Amino acid sequence: MSRPRRAEAFGWLLAVVLAWLVVYPIFLVLVESVRGPSGWTLEHVSRFLERGNTWEALWGSLWISLVSVVLAGTLGVPLAFLFSWVDFPGRRVLSGLVALPAVLPPLVGVIAFMFLYGESGFVAHLVRAVFRLDRAPWRLEGAGAILLVHGYSMYVYFYLFIRAALARLDSSMLEAAASLGAGRTRTLFRVVLPMVRPALTGAALLTFMTSLASFSAPYIFGGGFRVMTTQIVTTRLNGDNGLAMVQTVSLALVALVALWSFRGNVGGTSYTAQAKGVAPKPRPIRGRRARVAMATAAWAAAIVLLLPHATVILVSLVPFGTWTTEAIPPAYTVQNYVALVTEPERLRPLVNSVTMAAMATALAVGLSVLAGVLAVRRKVRLGPAIEALLSLPWAVPGTVFAIALATAFSISSPATGRFLLVGTLWILPLAYLVRNLPITGRAILAGFRQLDPALEDAAATLGAGRWRTLRRVTLPLLRPALAAGATLAFVTALGDFVTSIILYTYDTRPISMEILASLRDSDVGVAAAYGVFLMVLSAGVFVIGSESGTKGVGA
Amino acid sequence: MTDFLILDRLTKRFDGFAAVDDLSLGLAQGEIMALLGPSGSGKTTTLRLLAGFEWADDGRVVVDGQDVTRVAPVDRRFGMVFQHYALFPHLDVGANVAFGLETGRLDRGERTRRVAEALTMVDLAGYQRRSVSELSGGQQQRVALARALAPEPRILLLDEPLSNLDPSLRERTRSELRDLIHRVGITTVLVTHEQEEAFDLGDRIALLRDGRLQQVGSPDELYQAPVNPFVAGFVGRASDLRGEVTAEDPSVLVVDGVRWPLPEGSRGFTGPAVMMVRPEGVRLVDTSRGVTDATVGARRFLGATALFTVETDNGTVLEVTTDPHAVRTGDRVGLALTGIGLHLFPTASA
């Protein structure tokens with residue numbers, strides 16, 4: 001039978017390509033970490049073990065990540081319950097605003113915090129003015145600063161996950177608990193929390209992995225505080241490549257162990273309600289005073305959450321060199337935005353980022369669709385392997401991948417599958433592609449799973465060949481999944497900082513590197529204008545994503 | 001053979017397990033064949049083999065003299081109505097029906113005409129611009145039928161065509177469907193697990209079990225002349241009496257000491273046997289006037305008659321149809337056989 005055999009052959013081909021992109025570079029890092037100029041050696045490993053600061057960095061990464069989970073959960077979970085179960089004036093608008101930290105690309109968020117809560121930021125100015133102080137009473141530096149940024153940007157995971165889980169909760173389940181004599185507390189602990197536990201662990205895992213891979217906040221605010229991602233870059237800059245390899249391996253190991261232990265905890269405890277029920281309606285608050293207090297508190301919280309966005313926008317209007325010691329910038333202009341598009345040197349990073357992100361996204365979508373056809377529809381033997389390869393980059397911090405790609409593609413050796421790409425136009429799109437694979441893969445494979453295979457069978461009985469079926473039936477029906485995967489991947493690549501900082505060249509410099517350069521030149525207005533550009537694009541993507549999600553066609 | 005559609009010794013194995021096992025069937029042009037059987041009997045696999053979604057490990061499918069066993073679904077020109085219709089949700093009704101007409105040969109005007117024609121045929125004239133999600137279940141089913149028939153396929157395949165409809169709608173749709181297929185005159189294979197549906201729609205019925213063909217024939221043949229206990233039990237209701245025909249008296253089946261007289265024409269062998277007894281095969285008589293005495297159990301009211309469960313004193317349970325008010329639960333009665341609706345089969349061992 002030729003048809004299944006051809007699909008199997010394509011399955012092998014795709015698996016090999018993905019393994020080459022995703023596994024091979026990391027394997028090479030592993031090899032490099034135990035190899036010196038004169039052959040195999042454990043020298044780098046022993047240096048890793050001896051050095052205090054390496055352990056310090058690894059420990060720093062670990063505890064920062066754990067505390068970030070606790071912090072984000074403490075903020076996000078109560079907010080999710082509040083917005084799902086309690087009705088108060090402005091609930092609908094606010095419930096959307098509360099998710100807004102998600103539209104701040106990591107580097108932009110960090111910069112916003114710098115302008116807002118830094119020693120010479122708005123809040124510090126305000127505090128100094130109120131208490132008549134010479135200097136700000138704090139420094140936005142070290143672990144505390146990193147945790148502040150993490151808590152702010154990652155509580156959204158808990159908030160969104162738990163809200164989604166609560167929306168799936170069947171109100172008859174709560175009624176059943178009540179009819180069996182369970183009070184509110186007992187219902188919460190015995191019914192609701194077990195039902196949302198998968199969402200809780202999912203959010204915790206996502207937060208942990210994101211914190212572990214976090215680079216922007218430690219890079220900008222870390223000061224003397226070490227975490228592994230920044231330590232790797234420092235080691236590499238110092239020219240100690242061997243040690244950088246061992247550190248990279250150690251970070252990858254921590255990530256994989258964390259993923260594995262989380263999975264072990266989640267394993268087999270996903271509950272879904274038997275019948276499709278209606279989620280409980282939010283209850284209005286009774287007393288008028290309580291309602292006003294609730295609304296005020298919620299609006300205040302929303303303002304705090306939106307301050308970073310407002311800050312970036314405000315700073316983006318500051319003309320070069322006009323804002324020095326004033327609490328509020330004295331002059332405003334749109335010149336920074338004009339500069340972005342009129343000055344070739346400023347336009348270049350925009351064009352670079354957009355082009356490279358588009359290339360990476362298109363390829364990631366193409367590979368994911370191919371994976372969907374082969375793994376979900378044709379069920380080729382290597383299907384599970386293909387899916388695992390697609391999702392692997394999610395588990396590996398961006399720094400690790402950047403180092404791995406820099407290692408794998410720094411020499412030309414076509415026989416061993418290595419090409420000289422570092423320093424060329426191709427290395428960043430390739431890096432973005434690898435980082436995009438889990439995003440597009442997850443969305444598109446899920447889309448394929450929701451597609452009724454009978455639709456494609458029906459097209460075949462009506463005389464449509466494989467291409468016509470793909471073009472006329474499969475792809476149009478996958479559109480929501482394609483849109484969601486592609487836009488999210490595009491925005492992630494567009495704002496990428498962590499891989500870019502390791503792999504960029506001057507000619508291919510992306511937006512994030514230009515933001516950094518502008519800050520270094522004290523050109524805060526332009527830096528912020530780039531940030532606004534990224535922020536607006538991200539927000540647009542969220543709008544598109546949620547719309548195509550609701551417009552999804554039911555088969 | 002002049003059969004239009006021939007299934008010739010079809011076999012399909014999944015992981016060594018034969019889902020369809022050496023199945024042979026022939027359909028005359030315009031005939032409707034119902035594939036009937038319990039779930040897991042291989043009827044859906046047979047339909048998928050016919051459509052070309054699965055390829056047979058052995059055997060052939062021949063249409064109009066052409067061997068299509070290794071022909072892809074795209075090139076088979078078989079129309080199919082899927083269990084859940086598989087209407088394309090992103091296309092409107094007209095585009096759904098036109099989908100199979102887009103292969104090139106037809107110009108736009110002809111295509112539009114054929115779409116309108118197909119929709120008129122299923123009583124949905126003017127529905128072209130409707131979204132398929134606004135249609136009722138019955139209308140969706142008709143659109144699926146129009147879509148399958150529009151390209152004028154050689155064979156029509158129906159997968160549980162009525163299972164997605166409300167019971168009240170099912171009976172009406174069934175007769176409409178039968179009339180339509182007969183009017184079009186297309187050779188049709190349909191899959192169902194409901195006997196009533198198979199009887200009503202099929203000119204002939206092929207009864208499958210564990211991938212093997214048990215019997216093929218008209219509804220009457222299957223009911224009145226089942227070839228084995230499975231057919232007798234699956235088609236219509238039947239209770240089974242398991243016992244032995246002894247050499248001393250080959251005119252009775254001995255079940256736990258009770259001697260049940262055998263129907264005319266089924267005598268002539270001895271050994272372990274099972275007699276399938278239809279509810280009309282048992283008559284209630286006064287106690288000690290029948291073959292054995294029994295106690296009346298549950299009653300199921302059917303209107304003109306009622307179905308009673310009776311249990312003999314040594315534990316044999318039978319079903320009996322009779323006048324709804326003839327007896328009551330708990331009554332003591334005698335049981336006699338009427339001589340009709342009795343089917344005797346030898347069994348391999350007791």
Side-chain angles (χ1 to χ4, degrees), chain A residues 1-8 10 276 369 372-373 376-381 383-384 444 446-484 547-555, chain B residues 44 47-48 50-57 69-91 95-106 118 131-133 140 143-160 164:
Chain A
M1 277 189 261
S2 69
R3 286 189 306 161
R5 205 173 289 165
R6 215 171 61 188
E8 291 295 339
F10 271 112
K276 251 194 199 167
V369 168
V373 170
V376 179
R377 197 54 82 231
R378 311 299 303 274
K379 295 196 167 57
V380 296
R381 221 161 292 152
I444 291 171
F448 265 100
R449 294 228 153 78
Q450 281 163 10
L451 259 190
D452 183 0
L455 291 170
E456 288 167 10
D457 288 349
T461 63
L462 294 166
R466 196 157 307 147
W467 281 112
R468 203 161 84 88
T469 304
L470 190 68
R471 194 169 52 78
R472 288 290 314 277
V473 178
T474 314
L475 290 182
L477 289 172
L478 279 178
R479 210 168 50 195
L482 290 172
E547 267 183 12
S548 57
T550 51
K551 257 195 310 197
V553 267
Chain B
T44 297
L47 201 73
R48 292 181 65 80
L50 282 173
F53 301 135
E54 307 284 351
W55 280 5
D57 295 317
T69 320
R70 289 286 179 274
V71 172
V74 188
D75 305 315
R76 269 189 200 201
R77 297 212 296 118
F78 281 25
M80 180 152 174
V81 175
F82 292 79
Q83 186 172 9
H84 303 282
Y85 315 136
L87 295 176
F88 304 127
H90 60 301
L91 302 179
N96 262 284
V97 177
F99 194 92
L101 301 171
E102 288 169 13
T103 37
R105 295 188 316 280
L106 300 176
S131 150
V132 295
S133 57
Q140 289 187 2
V143 173
L145 194 62
R147 182 179 72 175
L149 289 173
E152 295 177 352
R154 299 185 284 188
I155 304 288
L156 179 63
L157 306 172
L158 306 172
D159 188 5
E160 305 266 5
N164 247 2

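In the text below, chain A, chain B and the rest are named by the order of the sequence lines, each starting its count at 1. Treat the numbers as computed from the prediction; the structure is a model and nothing was measured. The figures here come from the full heavy-atom set of this structure, side chains too, leaving out hydrogens, waters and symmetry mates.
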Rounded distance (nearest 0.5 Å) linking atom CG of A:Leu478 with atom NE2 of B:His90: 10.0 Å

Quick check: closest heavy atoms across B:Pro89 and A:Leu477, and the distance to 0.1 Å? CG-CD2, 3.4 Å

Would you please name every residue forming a ring-ring contact (aromatic ring centres under 6.0 Å, His included) with B:Phe88, sequence neighbours left out? B:Phe99

Could you pull out all residues at least two apart from B:Asn96 that satisfy side chain to side chain donor-acceptor pair (under 3.5 Å)? B:Arg147

Is any side-chain heavy atom of A:Leu462 closer than 4.5 Å to a side-chain heavy atom of B:Pro151? yes

Rounded at 0.5 Å granularity, tell me how far CG in B:Leu156 sits from OG1 in A:Thr461. 10.0 Å

With a 4.5 angstrom heavy-atom cut-off, could you sort out which part of B:Leu157 is near chain A: side chain, backbone, both or neither? neither

Tell me the closest heavy-atom pair linking B:Leu87 and A:Leu455, and the distance in Å. O-CD2, 3.2 Å

